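Both counts, for ligands and for their atoms, begin at 1 and track the order of listing. As the structure is a computational prediction, the values presented were derived from the model and not from experiment.
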Amino acid sequence: MKDKGLHTDSVVEKKLTSEKNPNQYNGEALDSQIAEGNNDGSKKLYVESYGCAMNFSDSEVVASIMSENGYTTTRDVEEADVVLINTCSIREKAESTVRNRLTNFKKRKQRQPELVVGILGCMAERLKKNLLEEEKLVDLVAGPDAYRDLPGLIEEVESGQKAVNVLLSRDETYADISPIRLDKNGVSGFVSITRGCDNMCSFCVVPFTRGRERSRDPQTIFNECNDLFNKGYREVTLLGQNVDSYRWNMTSKGEIKDDSQPTTNFAQLMEMVAAISPDMRIRFSTSHPKDMTDEVLKVIAKHENICNYIHLPVQSGNTNVLKRMNRGYTREWYLERIDAIRRIIPNCSISTDLISGFCDETEEEHQDTLSMMRAVKWDFAYMYKYSERPKTLAERRFDDNVPEKIKGTRLTEIINIQQENSLAINQKQLGKIQKVLVEGVSKRSQEHMAGRNDHNTTVIFPKGDFDKCDYVMVEIKTCTAATLQGEVVDVLEPTK
Ligand code: SAH
Ligand code: SF4
Ligand code: F3S
């Protein structure tokens with residue numbers, strides 16, 4: 001399996017990020033597998049996922065729907081009867097990567113005309129039937145809320161028609177579907193808690209591709225996490241575009257919808273999930289600065305197994321830019337939220353997302369982002385050049401007028417500061433002993449194993465007699481800006 005953490009945006013540096021962070025929007029293919037194809041004559045499905053953790057999680061829902069309909073999956077694209085590509089539209093680069101991939105499959109279809117090639121996810125939703133009609137790249141197009149319809153759509157294709165379903169739903173959460181885990185590591189799983197987004201940040205395509213925000217039934221979330229724990233998983237990441245706006249049986253104003261049913265907000269949901277076992281780590285992504293409450297921070301502080309790590313995208317350090325971005329907070333508001341985190345959760349790691357060269361961004365405004373980086377000192381950052389997306393508010397209202405070259409130099413300056421900050425933060429860990437969840441053999445060395453600490457930083461240590469899913473105590477000896485290295489000083493017994 002390829003590394004999900006690989007950012008392919010040219011200047012986004014992978015080494016500044018933790019290797020298995022869920023906040024990755026990358027355009028990198030992950031060849032997925034369902035229960036490995038047995039030779040029972042069933043049809044074979046090959047799924048490839050691009051984009052954020054939501055898409056990886058959705059591909060697991062797709063795998064489940066397809067397996068209910070008699071498909072087994074394969075890692076070997078050559079033996080596939082159906083190929084589904086789950087796509088991302090977040091930046092132009094993400095879409096061009098997928099287009100290249102689809103062009104390859106188009107060639108393949110010349111040799112194997114009966115192969116069904118389908119496009120799923122955000123690009124499917126954005127481009128709708130254009131991919132079928134104008135570009136003739138695929139046989140099937142299914143948007144993020146149409147996956148239950150996939151078996152039917154495939155039948156349509158097999159009967160010689162082109163099939164499209166891009167209807168967005170106000171209530172589809174796939175709550176009852178038990179995802180088939182495609183990631184074979186068996187340590188860490190993603191669980192979606194909301195779908196869609198109601199925020200309308202002016203640069204962002206997600207509200208158009210994923211539709212309105214809706215929350216999933218908390219009991220089904222609990223059951224899915226509990227099931228992961230029973231299968232041996234030791235970490236779960238709760239996913240939503242804005243996890244802080246999770247609410248069950250409540251309007252956005254906090255009014256109760258149905259008196260006879262309990263209500264649940266994000267803080268309460270985390271408490272429910274944290275109760276599964278002290279050995280089950282809870283992570284979550286993404287937090288939104290305008291909605292992250294002290295109540296949530298207190299729940300994180302209270303539970304040892306909720307990781308002290310918050311991904312809190314700021315996008316820019318300048319209030320006017322934030323206003324043009326329609327983010328709903330100011331620089332000062334964000335800094336106050338950082339203070340709240342540091343006050344309520346001592347020793348919490350914080351990461352962010354930053355965009356360089358948004359519409360009309362002046363040099364002074366950019367300098368505010370740099371000064372904010374020096375002030376906050378985020379542990380990690382995902383850093384991007386602004387990429388204009390069709391139909392977004394920014395595309396309609398503003399000019400994408402910062403020259404590409406300036407976007408590039410500003411991004412380099414941002415990356416350089418982040419590099420310094422990440423290195424300085426990691427250097428402070430030298431000599432400390434940290435609890436690490438073992439994930440497996442290191443990707444870079446067969447002689448080492450890798451896992452992550454509570455903060456989500458990758459920790460490498462010499463291979464010993466450890467298994468994945470063990471918790472080990474590691475004394476940190478050396479570091480880079482991206483990883484810590486050390487030696488295991490203790491292996492923890494599972495909690496009784
Ligand atoms: N829901 C999350 C982010 C989802 S998109 C949040 O609100 O924070 C992930 C990241 O991609 C964003 O935080 C932003 O930094 C980046 N991004 C989104 N649209 C972009 C665009 N048009 N150009 C460049 N980066 C973009
Ligand atoms: Fe996009 Fe903003 Fe929603 Fe995040 S909160 S998905 S950036 S619109
Ligand atoms: Fe990409 Fe859609 Fe996720 S645009 S970042 S796959 S929500």
Contact between [X] and ligand 3, counting heavy atoms under 4.0 Å?
| X | value |
| --- | --- |
| Gln241 | yes |
| Gly121 | no |
| Arg210 | yes |

Do the ring planes of Phe105 and Tyr46 sit parallel (below 30°), tilted (30 to 60°) or perpendicular (above 60°)?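 Phe105 and Tyr46: tilted rings.
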
Contact atoms of ligand 3, heavy-atom distance to [X] under 4.0 Å:
| X | result |
| --- | --- |
| Asn55 | 6 (S) |
| Cys122 | 2 (Fe), 4 (S), 6 (S), 7 (S) |
| Cys88 | 1 (Fe), 4 (S), 5 (S), 6 (S) |

Between the side chains of [X] and [Y], is a donor N or O closer than 3.5 angstrom to an acceptor N or O?
| X | Y | result |
| --- | --- | --- |
| Glu95 | Ser89 | yes |
| Asn86 | Asp58 | no |
| Glu235 | Ser188 | yes |
| Asn318 | His366 | no |
| Asn223 | Gln219 | yes |
| Ser192 | Ser57 | yes |
| Gln241 | His288 | no |
| Thr392 | Arg396 | no |

Would you check if Phe284 and Ile306 make a side-chain contact, meaning some heavy-atom pair closer than 4.5 Å?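 Touching, per the 4.5 Å side-chain cut-off.
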
Taking [X] for its side chain and [Y] for its backbone only, find out whether a donor-acceptor pair lies under 3.5 Å.
| X | Y | answer |
| --- | --- | --- |
| Tyr334 | Leu312 | yes |
| Arg410 | Glu361 | yes |
| Arg247 | Gly254 | no |

Measure the distances from the heavy atoms of Thr286 to every atom of ligand 1 and state whether one is below 4.0 angstrom.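 Judged by the 4.0 Å heavy-atom criterion, Thr286 does count as contacting ligand 1.
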
Give a yes/no on ligand 1: does Ile355 have at least one heavy atom closer than 4.0 angstrom to it?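 Yes, Ile355 has a heavy atom closer than 4.0 Å to ligand 1.
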
Give the contacting part of [X] toward ligand 1: side chain, backbone, both or neither, where contact means a heavy-atom distance below 4.0 Å.
| X | result |
| --- | --- |
| Arg327 | side chain |
| Ile90 | both |
| Arg389 | side chain |
| Pro313 | side chain |

Would you indicate which of Glu395, Met54, Gln315 comes nearest to atom 14 (C) of ligand 1 when only heavy atoms are counted?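 The nearest heavy atom belongs to Gln315.
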
Given Gly196, Cys204, Pro207, Cys52, which one has a non-hydrogen atom that is nearest to atom 3 (Fe) of ligand 3?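 Checking each option, the heavy atom nearest atom 3 (Fe) of ligand 3 is found in Cys52.
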
Proximal ligand 1 atoms for [X], defined as those under 4.0 Å from one of its heavy atoms:
| X | value |
| --- | --- |
| Lys385 | 23 (N), 24 (C) |
| Tyr384 | 11 (O), 15 (O), 16 (C), 25 (N) |
| Tyr386 | 22 (N), 23 (N), 24 (C) |

Do any nitrogen or oxygen atoms of Arg91 lie less than 3.5 angstrom from nitrogen or oxygen atoms of ligand 1?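 Yes: some nitrogen or oxygen of Arg91 is under 3.5 Å from one in ligand 1.
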
Give the total of protein N/O/S atoms at a distance below 2.8 Å from atom 2 (Fe) of ligand 2.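 Those protein atoms number 1 in total.
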
Passing option when Leu354 is tested against Ile414, Ile415, Leu370 for side chain to side chain contact (heavy atoms under 4.5 Å, CB included):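 The side chain to side chain contact (heavy atoms under 4.5 Å, CB included) with Leu354 is passed solely by Ile414 among Ile414, Ile415, Leu370.
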
Ligand-side contact atoms (ligand 2) for residue partner Phe203, heavy atom cut-off under 4.0 Å: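 Every atom of ligand 2 under 4.0 Å from some heavy atom of Phe203: 7 (S).
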
Are Glu172 and Arg212 ion-paired here, with the side-chain N under 4.0 Å from a carboxylate O?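 Between Arg212 and Glu172 there is no salt bridge, as every charged N stays at least 4.0 Å from the carboxylate O atoms.
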
